[in-house]
Amino acid sequence: MYTAVVLEDDAQAASVIEARIADSPYAGELSVTHVASPAALADRLSEAGRPDILFADIRMEDDSEDGIQAVRDLLPWGCGTQVIYITGYVEYCVSVYETHHVYFLLKPVDQATFNKALKRALDNLRSREERMLPVTYKGKTTLVDPVDVLYIESRLRKVIFHEEDEDHEVYSTMSEMAEVLPSSFVRCHKSFLINMDAIQTFDATEVMLRSGQKVPVGQRYRDSLRASMVRYFGMSEADREEVEKSA
């Protein structure tokens, strides 16, 4: 069962969204809650955690905060919540791209279009579940999404998954981790694996990640890192030459 929250300050509009969910082919997969304000959404998140899906109205009667700002503040990139914006104002079709979301719906929303948006959100959730890695440390198992991992560090007998806002530890080896991680992860140092999707800049000695963190590049791994990046990003000939100069 997936959890869904409807952020809508108009009770009648919220009822329409809930009716659309009930009339969709996916109604039996969702547990739905309604909140009427960003503040109420924050309270709900503190009590029950982040929902799997958020249906968010944008313009609120209280203009101090709208749905886009609420998503920006409460549901950061990579958190896993599938955001579907529903609004009567087409001018927000650009502003929503300041945040992560899977669909932008204009009121009134017909059932077929609503079903498409909901299907995309559920497909994303199922795909996320399939790629989750169970990480067990001191009897506690955490499901880690590799997409959220910036880099992996080997320290003594432990491997540490570094995300933007938290770390996860497991007793393992870098070789074992490399076998189960997606192709976006590459060895750059004897003690580090990096997620190439998280790279902001790099040179011959270190990689700068989007978080601002720096990861060293070992001399032994420079050539393989360069080759991996060229393959992964499909670089042009000119880009390849620049990569070779930096490495």
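Residue numbers run from 1 in the order of the sequence given.
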State, yes or no, whether a side-chain contact exists between [X] and [Y] at a heavy-atom distance under 4.5 Å.
X    : Y    : result
E153 : H162 : yes
L133 : L181 : yes
E8   : D10  : yes
H168 : D148 : no
V159 : T173 : no
L74  : T81  : no
L75  : R50  : yes
V71  : H101 : no

Say you draw a straight line from [atom1] of [X] to [atom2] of [Y]; how long is it, rounded to the nearest 0.5 Å?
X    : Y    : atom1 : atom2 : result
I68  : D73  : CD1   : CG    : 12.0 Å
N124 : I53  : CG    : CD1   : 9.5 Å
R120 : Q82  : CZ    : CD    : 10.5 Å
R231 : M196 : CZ    : CE    : 8.0 Å
Q200 : L209 : CD    : CG    : 8.5 Å
D223 : S228 : CG    : OG    : 10.5 Å

* To do: Check the side chains of Q219 and R222 for a donor-acceptor pair under 3.5 angstrom, ignoring hydrogens and angles.
  =>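 No pair is found: no donor N or O on one side chain lies under 3.5 Å from an acceptor on the other.
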
What are the two closest heavy atoms between [X] and [Y], and how far apart are they?
X    : Y    : answer
L106 : G88  : CD2-C, 4.3 Å
R20  : V109 : NE-O, 2.8 Å
Q213 : L150 : OE1-CD1, 3.4 Å
P38  : D66  : CG-O, 4.4 Å
P51  : L45  : CD-CD1, 3.9 Å
D197 : R210 : O-NH1, 3.6 Å

* **Pair listing, side chain to side chain donor-acceptor pair (under 3.5 Å) test, anchored in residues 23-33, at least two apart** => E29-R126

* Anything under 30° is parallel, anything over 60° is perpendicular, the rest tilted; go ahead and classify F192 against Y151. =>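 Taking Y151 first and then F192, their aromatic rings sit tilted (interplane angle of 30° to 60°).
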
Under 3.5 Å, side chain of [X] to main-chain N/O of [Y], donor-acceptor pair present?
X    : Y    : answer
E163 : D165 : no
R187 : L225 : no
N195 : V149 : yes
S127 : D123 : no
D203 : E206 : yes
H100 : V83  : no

* To do: Run the numbers on F185 and I152 for side chain to side chain contact (heavy atoms under 4.5 Å, CB included), then give the verdict.
  => CA-CA 9 Å; F185 284 84; I152 296 173; 4.1 Å; yes

Cluster question for you: counting only ILVMFWY and a side-chain heavy-atom cut-off of under 4.5 Å, with indirect links fine, are [X] and [Y] together?
X    : Y    : value
V186 : V215 : yes
V217 : M208 : no
L193 : V180 : yes
V170 : M174 : yes
V147 : V135 : no

* **Criterion side chain to side chain contact (heavy atoms under 4.5 Å, CB included) on I199 and M229, from CA distance to verdict** => CA-CA 10 Å; I199 293 176; M229 292 187 65; 3.9 Å; yes

* To do: Kindly determine whether D57 and K107 satisfy side chain to side chain contact (heavy atoms under 4.5 Å, CB included), including the steps that lead there.
  => CA-CA 10 Å; D57 185 25; K107 300 175 183 177; 3.6 Å; yes

* To do: List in chain and number order the residues that pass ring pair (Phe, Tyr, Trp, His ring centres under 6.0 Å) with Y137, two or more places apart in sequence or in another chain; answer none if no residue qualifies.
  =>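 Here the qualifying residues are Y171.
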
* Test F114 against I86 for side chain to side chain contact (heavy atoms under 4.5 Å, CB included), laying out the working first. => CA-CA 10 Å; F114 187 90; I86 305 179; 4.1 Å; yes

* Structure fact -> In short, salt bridge (Lys or Arg N to Asp or Glu O under 4.0 Å) pairs touching residues 132-143 with sequence neighbours left out are none

